[in-house]
Amino acid sequence: MTHLDSDPDRFTATLDDREDHAPGDEPREAAGHWVRNANTGLAFSIVLTAAAFALTIWPVVYGPAIPVALVVLAIGQMGVHLVFFLHITTGPDNTNNVLALAFGILVVFLIVVGSIWIMDHLSYNMMPMDQTMQMQR
Amino acid sequence: MFGKLSLSAIPWSQPIPLITSFIIILILLGVLVLVTVKGWWPYLWREWITSVDHKRIGVMYCLLGVVMLIRGFADAIMMRSQQALAIDAPGYLPPEHYNQVFSAHGTIMILFGAMPLVLGLMNFVVPLQLGVRDVAFPTFNSVGFWLTASAALLVNVSLFVGEFARTGWLPYPPLSETTYSPGVGVDYYLWAVQISGIGTLITGINIVTTVLKMRCHGMSYLRMPIFCWTALASCLLIVAAFPILTATLAMLTLDRYLGWHYFTNTAGGNPMMFVNLVWAWGHPEVYILVLPAFGVFSEIFPTFSGKPLFGYRSMVVATLFICIVSMMVWLHHFFTMGAGAAVNTFFGISSSIIAVGTGVKIYNWIFTMYGGRVRFEVPMLWSMGFIFTFIIGGLTGVLLAVPPADFLTHNSMFLVAHFHNVIIGAVVFAIFAALEYWFPKAFGFRLDGRWGTAAFWFAFVGFWVTFAPLYMLGLGGMTRRLQHINFPEWAPWLYVSAAGVVILILGVISQVLELVLSIRNRDRLRDITGDPWDGRSLEWSTPSPPPFFNFAVMPNVEGEEAYWGIKLRAIETQQLSPEPNYQPIEMPLDSPVGFYTAFFSFVFGFAMIWYIWWLAIAALVAAFAGFVVFAWRDEHEFEVSADEVARADRARREARTAILARLSQQGAAP
Amino acid sequence: MTDTGLPASVAALRRIREDPHRLGHRPHDGREPVQGIGMGTTGPAHKRIIVGYGFWIFLLSDIVMFSCFFAAFAVQRNATAGGPTMAEIVDLPRVAIETTALLLSSYTCMLSFAATNARNVLWTQVFLFLTGLLGLVFVLLEAWEFYDLASRGITPQRSGMLTAFFGLVGLHGVHVTAGGLWLATMMAQVLVKGFRRHIIHRLICFNLFWHALDIVWIGIFTVVYLIGSLA
C-alpha cells in the first residue's frame, strides 16, 4: 500500500509538491524566482523606509496626521516583508501559515491596544484632583 | 564567592520547614540509595531519562504533577488548619511563614501540579489518537519536560535554602519589588516560573504542529477526536499567552536585579501595568488548563454511554470560540483596580459571553448520555461529579463577571471558593478521570475500581464540605489570605471547612492505596485486549502498553471515531483486516540533551537567585555548549526492521483474533 | 459533471475557495493543488514542512513577547519623571544607518537561501557572511548608542520611559545577537557537513527568524524612534 511510503521521518528526495509549504519555503522554485522576490522586496522596503524618515524630517503632512502616516508606512513595509521575504501567499499551500499569522496578529492587537486602552483609563481615574480640575477648565 | 548564599539561608529557627526539609531529603536520599543498590540506573537512564518517546515523557509529566499536587495539598492543609485555629488566637504559623504557604500553594498547584498533568495527558494521548508515531519534535519534547522538572525542583529547594515569595502566587508590585521584598523569595518564584514557562511553551509548539501537520491518512480535521481539538486550542493559547508571562516576569526581574522602573512606585514605574499584563496571561492560563479537561470528558462520555458524542461540530466550534474569546476577558480579574465603567462593561460582557461556549459543551455531554447505555465506572463517576460541580462553579463565575457584584466579592473568600470550584471540578476531576481511563493503556493493567470509587466519593464530598462554607464566608465579608481571624461569627464555617479537608485527605489516601494495591495485583488486573473500556478512538487499537513505535502501519481513517468503525467491521466479518505489508520504520534516537539542559538551567536559576554570577555564566556556557554538541550529531533516527515491526504486530493480531473468537462464542456476531 | 466526477458547481466552488484572485502561486506542473491542505487526509506532512511550521509558531510566540514590551513602552511613553524625553535622545542618522544595515542583511539572507536552494555552498556562505556582517554593524551601532546615552547619565534606571525604551530596543538587540551566534554556528555546520537535510531545515528556520527580526525592527524604528522624535 503506497501510503506506507510517506512515513514522516523518512527522507524522500522528492518533496511532493502537491503538499503545503512551510512559510518562506517553496523548494521547487528556481533561484531566479527567489532573487526576483528579494529585489522587489528590497526596492519596496527602501522606498517605504525612506518615506518614513523623510516624513519625520520634512513634515509635509498635517502635523497630527504624521504618526498615523508613519504607522501606515510601517504596516505597509511589514506586509512587503511578509509577502516578498517570508513568502506568505494566499494560495492553498499557505493556508495554515496565514491562519497562524492571523491568530498572532489578533493576539498582538489585543495586547497592545487592550493594554493602552485599559492603562489610559486607569491613569485618568488615578489622576490627582488638581490635575483633573485643570483638565476640566 | 557564593553571592548572598550562606549557612544562614537554612531555616534553623523555623521548625516546620526545617523538619519538613529534613524528612524530604531523607526520602530523596533513600530513593537514590535504593535505585543505586538495585542497579536500576542504566535502565532509568536508557528508558526514561534520555527517552524522547512521547508516552514516556507523558508519564513522567504526570508523575511530576501528582507529586507536586500532594505538596500543594500539604500547603492547603496548613492553610485551612491555621485559619481554623487562629480565631482570636495566633494559630501556629506566623504571618511571614503563612504568606509563603499560600504563595507556594497557588504556584505549585497551578504551575507545577495541574499544568504538568495536563501537558502529560496531551503528550501521551494526542499522537496515539492521531495515529502517528510521536509528536512533531520528540527531542524538544524531552527538553520541555526536563525544564519543567528542574523548575519544580527549584521551587522545592526554596523550602530548605532561603525562603519563598510572600506575595501570593502572582507577585504584584510594588510588594514584589526589592524595596518591599528584599529577600530571595520572589527571585525563587521568578526563575522557577520562567524556566517552567519555557518548558510549557515548548510543549505548546510541539502539539500545535503535531495536530495541524501530522495526522494519519484519512484523518481530516473533522475526523479528529475532540480531545485533539481541545489539545490544539489549549496549545494555541499556550503559544499566545505564555510569552506574555515571560515578558512580564522578565520586566519584574529587570526591576529587581538592575533597578529598572517598569513597575516601581517611583520614577515613572506603573505597578498597575503588571496586574494588566500578568492577567492577560493569567486568564488564558486557566483556559489552557480547562480545555483539555473538557476534552477528556468528551472522550469519556461517549465511551461510557456507548454512543457517539452528541454534536461533534458544535463542540469544535465551541472549543475554538472559547479559545479566541478567552483572550478578550482578562480585565475581570481586576475590575476594582479602577479602569472605569466603559472598560469594565466591555470586559464584563465578554466574560459573560464566554460562558456560552461552555454551556454548549455541557448540553452536548448530557445529550450524549441520553439514550445511551451508561456504565458507571470510575471515569464516568468523575465525569458526572464534574457536571454537577462545574455548573455551580461556572454560575458563580458568571456572577463574578458582573462588575458591580464583583466590587463586593473581589478578593473575598467567595472568589476563592469560585476558582477552586471550577479548577477542582473541571481540571482535577478530569485529571483523575483521565488517569483512571488511560492508565491501562500506559501500563498494561487497570486500576482497582473499588478504591477508585472510594477516592471519587471522598473527593466529591470532601470538596463540597471544604469549599461551600467559603462561599458563605465570602458573602459574609471575609477576605482571602487571612492569617488570623478577628470575627468569631466566622468560626463555624471555618471548622466545617477544616473538617472537609479531613475528608479530602481520606480521598488522597484512597488514591494512593488504589495505585499501590493495583500495582501489587497487576496480574489480576492485566489488560490483555488493549481495549478495556470498549473505546472508540485509535489509541484503543494498540496493545497495552503500545510498542514504542505505536502503530506497525499507520492507520487509514475513514470516518469519525476511527477505531469504532474498524472494531464493528471486525466483529461483523468475524476477522481482522488482512495482514499489512510490514515496512521498516524510522524512529528518533534518544538523547540526554533534555536532562543536560535542564540540569544547567537549575544551576543557572539557583546561581541567579543567590547572586553567584560566575556560576550563572558558567551554567549558561555549559548549556549552550551542550546544545552545539547535540546539534552536531549526524544520526537523528534509527531504523526499526520490518521483522521487529511484524513480530510486535503479529502478537497484537493474535490477541485480537482470540478476543474475536471469544466474542463470537458469546454470541456477539450479528 | 467534471472529470473528477463532481458536479460542476462543487468544482467551481473549490476553484474559488482555493484562490479567488489568483494571488497565490499556481500549482507547479499545472496540476490541481490537492484538497488535502488544511483538510489533510493525505497523512503526515514532510519533515521539512513540519520543522518550518513549528518554527513559524515559535516566531509568533516571540512576536507576542515583543508586543508586551511594545505595550509597556506605549503605556510609559510619557513617564519621564523629570528626565529626558524620547525627542531628546533620538539620533536619527544613526537609526537610519541601523535600519539600512538590517534591511540589507534581510536581503542578503534571502539571497543565501536562494543559493541554498540551488545547492551552491560558496554563495550560501558568502551571503550568510554578509548577513552576519551587516547584523554585526547593527548591533555595534546600537551598543554605541547605549554607551553614548549612558555616558550622558541617560540610563534605564532614570525613568519608566527610559526603562521601557532600553527594554524594548535591548530585547531586539539581544535577539539579533543570538541570531548572529546561530548564524555563525550554521556557517560552521554548512562548512563541515554540507547541505544535509536537517541543515537545510535549520537554514529555513534561520531565514524565518532573521526576517521576523527585521519586521520587529520596522515596528521599533517607527514607533519608538520616528514617532518618539516628533513630540
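Atoms considered below: every heavy atom in the structure, side chains included; atoms not considered: hydrogens, waters and symmetry mates. Chain A is the first sequence line, chain B the second, and so forth, proteins listed ahead of strands; every chain is numbered from 1.
With hydrogens and angles ignored, the 3.5 Å screen pairs no side-chain donor or acceptor of C/Gln157 with any backbone N or O of B/His261. Looking at C/Arg158, its side chain never comes within 3.5 Å of a backbone N or O of B/Ala267 through a donor-acceptor pair. Looking at C/Lys193, its side chain does come within 3.5 Å of a backbone N or O of B/Trp632 through a donor-acceptor pair.
C/His198 and B/His636 have tilted rings, their planes meeting at an angle from 30° to 60° on a 0 to 90° scale.
Heavy-atom minimum distance, C/Cys68 versus B/Met251: O-CE, 3.7 Å. For C/Leu168 against B/Tyr262, the heavy-atom pair with the smallest separation is N-OH, 4.3 Å. Residues B/Gly268 and C/Ala79 come closest through the heavy atom pair O-CB, 3.4 Å.
Within 6.0 Å of atom OH in B/Tyr312, more than 12 heavy atoms from other residues, nucleotides or ligands are found, so the atom counts as buried in its surroundings. No more than 12 heavy atoms of other residues, nucleotides or ligands lie within 6.0 Å of CZ in C/Phe129, so this atom counts as exposed by the packing criterion.
Between the CG atom in B/Leu212 and the CD1 atom in C/Ile49 there is a gap of 13.0 Å [rounded to 0.5 Å]. Here the CG-CZ distance, from B/Leu201 to C/Phe58, works out to 7.5 Å after rounding to the nearest 0.5 Å. Taking CG of B/Leu277 as the start and CZ of C/Phe69 as the end, the distance is 9.5 Å to the nearest 0.5 Å. For the atom pair C/Thr155 OG1 and B/Trp260 CH2, the distance stands at 9.5 Å (nearest 0.5 Å).
Counting heavy atoms from C-beta on, the side chains of B/Phe137 and C/Ile50 come closer than 4.5 Å. Within the 4.5 Å cutoff, the side chain of B/Ile244 has no heavy atoms near those of the C/Met65 side chain. Residues C/Pro44 and B/Arg133 are not in side-chain contact: their nearest non-hydrogen atoms beyond the backbone lie 4.5 Å or more apart.
Partner B/Pro243 forms a side chain to side chain contact (heavy atoms under 4.5 Å, CB included) with one of C/Leu60, C/Val64, C/Asp62, C/Ile63 and no other, that one being C/Val64.
Proximity to chain C is absent for every atom of B/Asn276, based on heavy atoms less than 4.5 angstrom apart. The contact between C/Val51 and chain B is made by backbone and side chain atoms together, counting heavy-atom distances below 4.5 Å. Neither the backbone nor the side chain of C/Phe66 comes within less than 4.5 Å of any heavy atom of chain B. Within the 4.5 angstrom heavy-atom criterion, no atom of B/Ala280 approaches chain C. The contact between B/Ala240 and chain C is made entirely by backbone atoms, counting heavy-atom distances below 4.5 Å.
With sequence neighbours excluded, the residues satisfying side-chain contact (heavy atoms from CB on, under 4.5 Å) with C/Asp91 are C/Pro93, C/Arg94.
When each of B/Asn270, B/Thr246, B/Leu258 is checked for heavy-atom pairs under 4.5 Å with chain C, B/Leu258 comes out on top. Ranked by non-hydrogen atom pairs under 4.5 Å with chain B, the options C/Ala81, C/Ala188, C/Ser61 are led by C/Ser61.
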**OP:** Please report the C-alpha distance between B/Glu635 and C/Arg196 in whole Å, then the side-chain angles of each, then the deciding distance to 0.1 Å, and finally whether the salt bridge (Lys or Arg N to Asp or Glu O under 4.0 Å) criterion is met.
**Re:** CA-CA 11 Å; B/Glu635 295 302 316; C/Arg196 296 204 199 179; 5.9 Å; no
